[in-house]
Amino acid sequence: MSNFDQAAIAAKPRLSYFQAAWVVARRDFVAVLFSRAFLFFLIGPLFPVLIGGLAGSIGKTTSQQAVSVEIGLAMSAADNAAMEAAAETLRPQLGGASPVLKRVPEAESSSEFDARAFLDTGGRSYVAILTGTLEEPKLVGTQSQVDRWKGRIELLAATASASAPSRYPDAASEIVVSSGASDRYSRVRTAQAAQMVLFLLTILLGGMVLSNLAEEKGNKIIEILAAALPMDAVFMGKLFAMLGVSFVGIAVWGTTGWAFWAVAEDAIVTVTQTNFRELPGPAIGWPMFIALGIIYFSMAYLLLGSLFLTIGAMASSVREVQTMSMPVTMLQIMVFFLSAANIGQTGTPLELTSVVFPLSSPFAMMARAALEETLWTHAVALVWQAFAVFILIKGGSTLFRKRVMKSGPGGAKKRRFWQRKPPAAEPAE
């Protein structure tokens, strides 16, 4: 090799930090995206959603068939007819609060009908049985059912005996679009839904980072990367590659969900009992809320992924990875509950704690985005979260380099101490 070639090689600079991270990110992104395992990963969550939808539909049907709100009428024939007429008269005022009255055939065929004994032996599907007279009605049932229906039965009995007004005034009404209390209550629902979606996506997609370094440690690829690139850049590149893969997964699932919604919107509303078109708008508006949601998901994923990446780097097997990741997963669940429990309590010590603590900060700030119009707090929170991501990546790569690769100052000292050769013996004269 000529002196010119050697000088050219010596003059060629090493890849910068961001260039090295980009090389690792591009390599991992393409490798994961075009693997067969990723296809099964995309299909996997669809089965729990399908099973959950079927279970919810079956459970709703079963509960509707099992739960009854019928009150049995065991009065005289005339009183039964008067109570039924009173129920029809008051139905416009009571609406869904009006009890469903059904005559008890056993009471009509027997003059010695015992309502207590009838309920103790099964009593069909009646929640309570009404006996006595219009002037002195008697409701037989459990304490909770008696407390629930007593006032309405008394109103029906008074109407049936003509001791209540026969004409009810028609109250005038003036409708407003919204009120402060109703807006805040509605936005709490939006905050809860956003937090839940953010948490589920983070937990579901964060697991991809766990086995990344553990596999490459087994086939010695990590040693080649460590020799050619800074470990900080390797960690950063792998983390952002998995974030890119996560966005691909979210895009696929979002497109699939939108297609299902377009085809079977009524069925989805029936099963979930939620009309997403009626979800209340956040305080900052939907465009900004969605943009912050994407950013906060990225931060939550990077924070959790940096911990998972460190665990995968320190573990020696996939089984050890799963064991070591359990405390981090439990911690993430706890911080999610901390954020969820303080929705709407802006400024309280616990709410501020959830905002400051890095792992819970994205969830707490997502709730604030739904409830508060202030934007500068999000800028401060995002800077703090980005700094926490940098610290976690730096700490994880340093720990991996010193404890696993044995390449730091501490590792070098250990090698010099334990691997120090004994002094050569002096030649005999």
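Keep in mind that what you see is a predicted model, and the values were worked out from it rather than measured.
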Full working for side chain to side chain contact (heavy atoms under 4.5 Å, CB included) between Val140 and Val146 | CA-CA 7 Å; Val140 181; Val146 169; over 6 Å; no
Mind listing the closest non-hydrogen atom pair of [X] and [Y] along with its distance?
X      : Y      : result
Leu119 : Tyr126 : CD2-O, 4.1 Å
Arg152 : Arg148 : NH2-O, 2.7 Å
Ile393 : Ser306 : CG1-CB, 4.1 Å
Leu239 : Gly305 : CD1-C, 3.4 Å
Leu303 : Ala388 : CD2-CB, 3.8 Å
Phe38  : Gly249 : CZ-N, 4.4 Å

Just checking, is any N or O donor in the side chain of [X] or [Y] under 3.5 Å from an acceptor N or O on the other one?
X      : Y      : result
Asn342 : Ser354 : no
Asp147 : Gln143 : yes
Thr346 : Glu351 : no

List in chain and number order the residues that pass side-chain contact (heavy atoms from CB on, under 4.5 Å) with Ile284, two or more places apart in sequence or in another chain; answer none if no residue qualifies.
->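 Counting only residues at least two positions away or on another chain, Ile284 forms a side-chain contact (heavy atoms from CB on, under 4.5 Å) with Met288, Phe289, Leu292, Ala369, Leu375.
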Using side-chain contact (heavy atoms from CB on, under 4.5 Å) as the criterion, list what pairs up with Glu88, not counting sequence neighbours.
->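 Applying side-chain contact (heavy atoms from CB on, under 4.5 Å) to Glu88 gives Arg91.
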Go through Phe240 and Asp28 one step at a time and tell me if the side chain to side chain contact (heavy atoms under 4.5 Å, CB included) criterion holds.
-> CA-CA 9 Å; Phe240 275 89; Asp28 284 20; over 6 Å; no
Under a 4.5 Å cut-off applied to non-hydrogen side-chain atoms, are [X] and [Y] in contact?
X      : Y      : result
Ser298 : Phe247 : yes
Ser339 : Gln195 : yes
Leu338 : Phe363 : no
Gln385 : Pro358 : no
Ile250 : Phe297 : yes
Phe199 : Ile333 : yes
Leu42  : Trp253 : yes
Ile391 : Phe387 : yes

Euclidean distance, [Y] [atom2] relative to [X] [atom1], rounded to 0.5 Å:
X      : Y      : atom1 : atom2 : value
Leu309 : Leu392 : CG    : CG    : 11.0 Å
Tyr301 : Met242 : OH    : CE    : 6.5 Å
Met366 : Ile295 : CE    : CD1   : 10.0 Å
Glu84  : Arg103 : CD    : CZ    : 4.0 Å
Thr374 : Trp376 : OG1   : CH2   : 7.5 Å
Leu399 : Thr310 : CG    : OG1   : 7.0 Å

Exceeds 12 heavy-atom contacts within 6.0 angstrom, atom CE of Met326 =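 No, CE of Met326 has 12 or fewer neighbouring heavy atoms, counting only those of other groups under 6.0 Å.
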Above 12 or not: heavy atoms from other molecules or residues under 6.0 Å from CZ of Phe357?
->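 Yes - once you tally the heavy atoms of other residues, nucleotides and ligands closer than 6.0 Å, there are more than 12.
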Criterion side chain to side chain contact (heavy atoms under 4.5 Å, CB included) on Leu73 and Lys102, from CA distance to verdict | CA-CA 6 Å; Leu73 290 177; Lys102 295 289 183 181; over 6 Å; no
Can Ser16 and Gln19 be said to form a side chain to side chain donor-acceptor pair (under 3.5 Å), step by step?
-> CA-CA 5 Å; Ser16 67; Gln19 288 175 332; 3.3 Å; yes
Has the side chain of Ser361 got a donor or acceptor atom that lies under 3.5 Å from a matching backbone atom of Val355?
->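 Yes; judged by distance alone, with no hydrogens or angles, the pair exists.
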Hey, is the main chain of Ala128 close enough, under 3.5 Å, to the side chain of Trp149 for a donor-acceptor pair?
->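 Not confirmed, Trp149 side chain does not pair with Ala128 backbone.
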So which of Val104, Ile153, Asn80 actually passes side-chain contact (heavy atoms from CB on, under 4.5 Å) with Leu130?
->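 Result: among Val104, Ile153, Asn80, Ile153 is the only option passing the side-chain contact (heavy atoms from CB on, under 4.5 Å) with Leu130.
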Tyr296 vs Leu382, side chain to side chain contact (heavy atoms under 4.5 Å, CB included): CA-CA, chis, key distance, verdict | CA-CA 8 Å; Tyr296 281 130; Leu382 288 173; 3.5 Å; yes
